[in-house]
Amino acid sequence: MQILLEDPLYQDLPNPVQGPEDMALIERRHIPARFLRTKDDGTSALHVMRAPDPKRPFDLEQIAQYVLIYGRPGLENTWQGIAVDFAYCMHWRTLFGFALCRALCMNSAGKTTIVRWFTLVMACPGLYQEAVAAYAAANPTQSFMAQFGANLEIRQVHVPDDQVWNFTDDDAIRVLIHNHIPLDWVDHAYTYGVVYLEQQFHQPTMSLDIFQDVDDERLQHLAVYGMPPAIPNWDGWREMSEEDHYCLLFKRADKMAAQQDPEAIGLYYYIGMDPN
């Protein structure tokens, strides 16, 4: 946490924050003015952070900031599949996998159920590669051409409410192929699938048998294909920015003033740990 270590004001913060007086102290003394706005009543507050723009589904930086502040990282009730460590760093590969699923399923009914199947495909090395090869063999005149370039066209999944539970991993693969999603994108999202699986095993779920079967298949494919390669520019841990630091500080003060404990006891990774 380079920012925390280099910020001398952080050393002076009361710990823990006791109530509204300390919150006001943090608000006025420790948060730079560029991160604050003045409300109608004259008090200061953080700038409102907008939700990620659906027209820019792969703006990973915006997604990371929003999840960090509003996504309850580390808790069970969170945006699942995103790896967060004890320093509130987020792993880029998990952010990418989350963004890809979100782009494919944003407006669908039963989105949580449908996203699960895309995630489980990503967790199984080589599965999408095998499906693309089978598609190419079955359609020799319509070869698979992955999308590339700055502008992508993605057709989102729309499943009627009464058909959501019939959606499977085969359907997820067909959607990926129909959208010409590159093989290296699904490989890159492997970490997202692994973290998603791990989170399911750490919380009560009625689908534990499904997740266990997927994990067994994952290990079998891993022995054959090895670790799926990452896209270098989107790999590693995203460190907190200065703005992230103050947003979290302000949010913690707000929670403590309301006599709520904001500390998570959920799934954090050790700093620098490989989530794969």
What closest approach, in Å, do [X] and [Y] show between heavy atoms, and which atom pair accounts for it?
X    : Y    : value
G272 : D85  : N-OD2, 4.1 Å
H180 : F144 : CA-CE1, 3.6 Å
L60  : A99  : CD2-CB, 3.6 Å

What distance do [X] atom [atom1] and [Y] atom [atom2] have between them, rounded to the nearest 0.5 Å?
X    : Y    : atom1 : atom2 : result
T94  : Y196 : OG1   : OH    : 14.0 Å
R238 : L68  : CZ    : CG    : 6.5 Å
I82  : T191 : CD1   : OG1   : 13.0 Å
T168 : R116 : OG1   : CZ    : 12.5 Å
K111 : I114 : NZ    : CD1   : 10.0 Å

Run the ring-ring contact (aromatic ring centres under 6.0 Å, His included) test against W237 and tell me which residues pass, sequence neighbours left out.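 Partners of W237 under the ring-ring contact (aromatic ring centres under 6.0 Å, His included) test: H91.
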
Not counting sequence neighbours, which residues clear ring-ring contact (aromatic ring centres under 6.0 Å, His included) with W234? List them please.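 Result, ring-ring contact (aromatic ring centres under 6.0 Å, His included) vs W234: F96.
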
Going hydrophobic residue to hydrophobic residue with side-chain gaps under 4.5 angstrom, can you get from [X] over to [Y]?
X    : Y    : result
F211 : L219 : no
M273 : L95  : yes
Y270 : Y88  : yes

W92 vs N233, side-chain contact (heavy atoms from CB on, under 4.5 Å): CA-CA, chis, key distance, verdict: CA-CA 9 Å; W92 286 113; N233 291 342; over 6 Å; no

Using modelled atom types only, decide if a donor and an acceptor are shared between the side chain of [X] and the backbone of [Y] within a distance under 3.5 Å.
X    : Y    : answer
H221 : E217 : yes
R93  : H188 : yes
D244 : S241 : yes
D213 : I210 : no
Q65  : E61  : no

Just say parallel, tilted or perpendicular for the rings of Y192 and F98, cut-offs at 30° and 60°.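 Perpendicular.
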
Assess the side chains of Q220 and D216: does a donor N or O sit below 3.5 Å from an acceptor N or O?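 Not at all, the side chains of Q220 and D216 share no donor-acceptor pair under 3.5 Å.
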
Side chains of Q147 and N179: any donor to acceptor distance under 3.5 Å?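 No, no side-chain donor-acceptor pair sits under 3.5 Å.
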
Enumerate, atom names and distances included, each donor-acceptor pair closer than 3.5 Å involving a side-chain atom of residues 121-139, sequence neighbours excluded.
from, atom 1, to, atom 2, distance (Å)
Y128, OH, L176, O, 3.3
Y128, OH, I181, O, 2.7
E130, OE2, Y225, OH, 2.6
N139, ND2, Y135, O, 2.9

Could you check if a side-chain atom of [X] sits within less than 4.5 angstrom of a side-chain atom of [Y], using non-hydrogen atoms only?
X    : Y    : result
L100 : W185 : yes
P52  : R102 : yes
Q156 : L104 : no

Worked verdict on C89 versus I271 for side-chain contact (heavy atoms from CB on, under 4.5 Å): CA-CA 8 Å; C89 298; I271 296 174; over 6 Å; no

Given the rule in the side-chain contact (heavy atoms from CB on, under 4.5 Å) test, do D59 and D53 qualify, once you have shown the distances and angles that lead to the verdict? CA-CA 8 Å; D59 188 344; D53 185 353; over 6 Å; no

Between I63 and F58, does the side-chain contact (heavy atoms from CB on, under 4.5 Å) criterion hold? Intermediate values first, please. CA-CA 8 Å; I63 292 174; F58 293 98; over 6 Å; no

Residue pairs, two or more places apart or on separate chains, that pass salt bridge (Lys or Arg N to Asp or Glu O under 4.0 Å) and touch residues 148-157: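 For residues 148-157: E153-R155.
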
Other than W165, what residues sit in its cluster of Ile, Leu, Val, Met, Phe, Trp and Tyr side chains whose heavy atoms are under 4.5 Å apart, directly or through others?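 Its cluster partners, ordered by chain and number, are none at all.
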
Connected-component partners of Y190 among ILVMFWY, side-chain separation under 4.5 Å: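 The other cluster members (ILVMFWY side chains, heavy atoms under 4.5 Å, direct or chained) are V194, L222, M227.
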
